[in-house]
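Here is the structure we will look at, set down as structure tokens.
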Amino acid sequence: MGFILPSPTNPREHARALMSQKENIEAELDAQFSILKANNIDMITPLVDREGFPRADVDLYAVRHARRRINELRNDYKAVMNEIETALQAVYDPSTIGPLPAASKEVAQHTSPTDSAESLLAFARVDGVAPSSPAAEAGLRREDLILKFGSLVRSSFTTNSLQPLADLVSVNENRELQVIISRSEETISLKLIPRKGWGGRGMLGCHIVPHES
């Protein structure tokens with residue numbers, strides 16, 4: 001049985017509940033994968049020997065149950081991540097009403113034709129970029145001013161915290177985000193793909209701080 005997604009209430013509470021749901025799924029996935037690891041098995045390792053008999057060196061019941069549960073959890077994880085993306089859109093863009101269709105979600109990550117240097121205001125500054133990081137590969141540089149990050153613009157931030165940006169990154173691992181920056185009075189559009197395992201900390205590899213214009 002999969003996880004039950006929480007029903008929408010207050011947008012922030014709903015997003016917080018979904019993030020907690022995500023963490024619970026990740027924890028159970030780790031637990032199920034640990035069962036496979038304990039048996040020196042992965043998701044595709046054969047459970048029969050060369051003669052076609054069930055292997056006696058593994059706990060077949062535990063491994064089969066873990067594999068089935070992992071598949072269920074992966075589906076749950078995909079669903080909750082989509083829900084989180086929609087919930088964050090509602091939190092940081094209150095004009096959004098109802099869940100976004102899949103096509104609309106993609107469009108929401110990109111700049112609309114009306115976006116321009118005149119309509120966008122900087123809300124963050126790049127304070128440092130690690131070599132060979134996703135940020136470096138995207139072309140971000142120190143002192144770049146961020147005008148738009150995915151669907152986030154200055155009005156998405158009600159406090160001096162950049163938490164909305166961190167939340168957006170967390171649910172867009174390995175997915176392309178458009179970032180519009182100002183550099184030497186020039187407006188530049190970059191494509192950034194957050195990811196883990198690039199060799200450093202975080203999914204961006206850059207230090208971003210709030211900017212007051």
Beyond-backbone contact of [X] with [Y], side-chain heavy atoms, under 4.5 angstrom:
X: R175; Y: M81; result: no
X: R55; Y: N39; result: no
X: N40; Y: D57; result: no
X: E72; Y: Q32; result: no
X: R67; Y: L36; result: yes
X: V129; Y: R141; result: no

When rounded to the nearest 0.5 angstrom, what is the spacing between [atom1] in [X] and [atom2] in [Y]?
X: E83; Y: D76; atom1: CD; atom2: CG; answer: 11.5 Å
X: R64; Y: I35; atom1: CZ; atom2: CD1; answer: 14.5 Å
X: L152; Y: L177; atom1: CG; atom2: CG; answer: 9.0 Å
X: S182; Y: E186; atom1: OG; atom2: CD; answer: 9.0 Å
X: I84; Y: H14; atom1: CD1; atom2: NE2; answer: 9.0 Å
X: C206; Y: D144; atom1: SG; atom2: CG; answer: 9.5 Å

With respect to K148, which candidate in I180, I181, V179 satisfies the side chain to side chain contact (heavy atoms under 4.5 Å, CB included) definition?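 Of all the options given, the one that passes is I180.
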Looking at every non-hydrogen atom in both residues, tell me the closest pair between [X] and [Y] and how far apart they are.
X: M43; Y: F33; value: CG-CE2, 4.2 Å
X: L165; Y: F123; value: CD1-CE1, 4.1 Å
X: P210; Y: L162; value: N-CD1, 3.7 Å
X: P134; Y: R195; value: CG-NH1, 3.6 Å
X: A130; Y: A136; value: O-CB, 3.4 Å
X: S156; Y: S151; value: OG-O, 4.2 Å

Just one of Q21, E26, E28 clears the side chain to side chain donor-acceptor pair (under 3.5 Å) bar with Y77, so which one?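 Exactly one option meets the side chain to side chain donor-acceptor pair (under 3.5 Å) with Y77, and it is E26.
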Can [Y] be reached from [X] by stepping across I, L, V, M, F, W or Y side chains whose heavy atoms are under 4.5 Å apart?
X: L121; Y: L145; value: no
X: L29; Y: V80; value: yes
X: L47; Y: I70; value: yes
X: F157; Y: I208; value: yes
X: M203; Y: I193; value: no

If the threshold is 4.0 Å, N to carboxylate O, is there a salt bridge linking R142 and D127?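 Yes, this pair counts.
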salt_bridge(E13, R16) N-O dist < 4.0 Å: no
Check whether T159 reaches the backbone of S161 with its side chain - one donor and one acceptor, N or O, closer than 3.5 Å. yes
Which residue pairs pass the side chain to side chain donor-acceptor pair (under 3.5 Å) test when at least one of the two sits in residues 41-51, sequence neighbours left out?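 Residue pairs with at least one partner in residues 41-51: D42-T45.
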